[in-house]
Amino acid sequence: MADLPIVRFEEKIIETVEKNPVVVVIGETGSGKSTQLSQMLYKRGYAKSGMIAVTQPRRVAAVSVSRRVAQEQNVRLGEEVGYAIRFEDRTSEKTHIKYLTDGVLLRESLFNPELNQYSVIILDEAHERSLNTDILLGLMKRLIKRRHSNLKVLITSATLDGGKVSRFFSDCPVLTVPGELFPVEIVHISERPKNYVEASLKTAIDIHVREPEGDILIFLTGQVRVFSPPPPHCRRFIVSTNIAETSLTVDGVVYVIDSGYVKQRQYNPSTGMYSLEVVQISKVQAKQRAGRAGRTRPGKCYRLYPSMVYHDDFLDATVPEIQRSSLAETVLYLKSLDLADMDILKFDFLDSPSMESLEDALKQLYLVDAIDENGSITSLGRKMAELPLEPSLSRTLLEANELDCLSQALTVVSMLSAETTLLPAPSKSSEKKRKHTPSNLPDGSGLGDHIQLLQIYEQWYQTDYNVDWCKENNLQVRGMLFVRDVRKQLSQIMHKIAKGSLDVQTSKRRRDSQQEYRILRKALFIGYANQLAERSIRHNGYRPLGFKSELVQVHPSSVLKPDEDGMLPNYVVYHELIVTSRPFMRNVCAVEMRWVAPVLAKLEKLNVFKLSGGSSQPDEQIQEVTLNVEKKEIATIQSPEGRDSRIQAARERFLARKGQK
DNA sequence: GAGCACTGC
């Protein structure tokens, strides 16, 4: 075993684990907790009745840590020591110590809720509070009380508030293991700068002039750039986002400049919108950033904020992801576990999401038929939960299977899973700037971005997955290969849950495209019933239905085309609402007027009080479902096929009810 | 007519 600080605490750790079902281990960076705890427990026979699982929030960590442990154990990776991440399971019957991402462990617990294959579960890096880790914490709390076979749970983290986790687990013991960091001197500036980018550069130059050698790591909110090794006798300036807090270790850093800010994605359950905001970091993050200066020798951290701001203004810990995300997928997952005496609104989270966020999730699940009007999971919902997708997309796949366009839907859904990597790669040379983005790529036939994604993938398929074709068309190769992997995985799961023979083959022939696209759009419409927007009568602004009224625009990058009069479709479904300079719908798909009525009717009779199993406060049952249509517009709006009396009737009933309030 | 931090099944 390696000579790490944690090794000196072996007896104490084993003794504590022996006596307690749950133990919290606080270990600073360099303590060796990620590699040593599993080996200690293995040595003491804890893997006799099951494997020792160690979860990681990131794939690379699961792979690299397991590789090190295999080396230390002197075994081949994949045998006694292995790992499991999405698309890759390197374990065997021999495996005693298994590293896996927290997402993989959640998937496993869907099929084996007691997780009987494991005798020990170590949740590593719990301080990061990833959405998946938070769900696992809640599940572990239930499991240690209910599982028939013996289970030991260890929760390890760098700077987690041990007391809080201990209270959560009925005052379990907390062990603290020192790390192997060098001391870091903290310097606060006396006043917050107006421009922190400028201030950080000034500070960097200052360090360069006055301080001895050593690289400088600067934490800003954008512009990731970690340079390659410098020529000798040169000092590196590394500008980074929070990626260098965890995922990335840069050797040679002695000085850290911390702007005190981070860009964070936030979900607003009342509007259904995501926004990316620059917010103040937490104390935990500030400590993490400072620690990056002490990895190779004593270092210095310059904080571009007064120490009073740090003490009085900064939150102790970062707002956990579970309080910043849409929870439809999470709630569906928990519902599908069929936990005994489980009320979803009262699930025991370390930090509970808001009632509003949970109710928003229930509302969305109801609209995509995953739960019924009483909040019970449907058989459809159970199948949806088996797919590693957000509910809109899993619903689309199941509907597509019914409508006989599964193959196309699989492609679209997989392309959406790699959304960001798919966007045209940043243009390499500035000379090409004048040229428009290559127009060789298909345009979705004017029907929207989903159809375009389908067409792009089908073209790639026709080149036999040619990598050069991707490059020529400004598509990110890694993204496209990822899409192919996702598509394969989803096909396999569909085979399993839908039974029978399915057509999942990517299409080469050109049938009647318009008809084919129409059926696909219908499937997308059913899947995105929770993400339907209605166009304003006079202009091309839309209002998302079922959320607090806000005017949104189709994102300029969309390929959706207006008609001869310059008007966009009366209704669209969208993949995402994102607020940047203004609220935008990203990835939109044209839908037909005649499809819309049943969804409007469903929106109308939405009753969150019932959906939540009647457990929310009576005051909260008055749900503000706004159909977002102004009265004067209702009188005039007509569908292209003529008046759709059902839509009209649904609207009128809704407005009448609203008028009564 | 925009411009986006980081993960994961």
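In the text below, chain A, chain B and the rest are named by the order of the sequence lines, each starting its count at 1.
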Worksheet entry | By ring-ring contact (aromatic ring centres under 6.0 Å, His included) - contacts of A:Y457 (at least two apart) | A:W460
Item to complete: Would you please indicate if the ring centroids of A:Y574 and A:Y542 are separated by under 6.0 Å?
Response: no
Worksheet item: Contact class for A:E329 (heavy atom, under 4.0 Å): base, sugar-phosphate, or nothing?
Response: base
Discussion item. I need the minimum non-hydrogen distance between A:L551 and A:P583, along with the two atoms involved.
Written reply: O-CG, 3.8 Å
Worksheet item: How many Å lie between CG on A:L276 and P on B:dT7, as a whole number?
Response: 14 Å
Discussion item. How many whole angstroms separate atom CZ of A:R86 from atom P of B:dT7?
Written reply: 16 Å
Fill in: A:R59 side chain near B:dC9 phosphate (N/O to OP1/OP2, under 4.0 Å)
yes
Worksheet item: Which atoms form the tightest heavy-atom contact between A:Q264 and A:V279, and what is the distance?
Response: OE1-CG2, 3.6 Å
Practice prompt. Quickly work out the A:R107 CZ to B:dG8 C1' distance and round it to whole Å.
Written response: 10 Å
Fill in: Closest to the A:K263 side chain, choosing from B:dA2, B:dC9, B:dA5
B:dA5
Worksheet, complete the sentence: Separation of B:dT7 atom P from A:F87 atom CZ, nearest Å, is 16 Å
Practice prompt. Please report, rounded to the nearest Å, how far the C1' atom of B:dT7 is from the CD atom of A:Q285.
Written response: 14 Å
Discussion item. Suppose the criterion is salt bridge (Lys or Arg N to Asp or Glu O under 4.0 Å): which pairs have a residue in residues 101-110 of chain A, not counting sequence neighbours?
Written reply: A:K98-A:E108
Worksheet entry | Below 4.0 Å: OP1/OP2 of B:dG8 and any side-chain N or O of A:R58 | no
Item to complete: Select base, sugar-phosphate, or nothing to describe what A:I85 touches, counting heavy atoms under 4.0 Å on all strands.
Response: sugar-phosphate
Item to complete: With heavy atoms under 4.0 Å as the rule, sort A:T101 into base, sugar-phosphate or nothing.
Response: sugar-phosphate
Item to complete: Calculate the interatomic distance between A:D449 atom CG and B:dA2 atom C1'; express it in whole Å.
Response: 14 Å
Item to complete: Could you tell me whether the phosphate oxygens of B:dG3, OP1 or OP2, come under 4.0 Å of any side-chain nitrogen or oxygen in A:S581?
Response: yes
Discussion item. Categorize A:L106 for me: base, sugar-phosphate, or nothing, with a 4.0 angstrom heavy-atom threshold over every strand shown.
Written reply: nothing
Item to complete: Give the rounded distance in Å between these two atoms: CG of A:L393 and C1' of B:dG8.
Response: 15 Å
Worksheet item: Atom CD of A:E277 and atom P of B:dA5: how far apart are they, to the nearest Å?
Response: 14 Å
Worksheet entry | Minimum-distance nucleotide to A:F584 side chain [options: B:dA2, B:dA5, B:dC9] | B:dA2
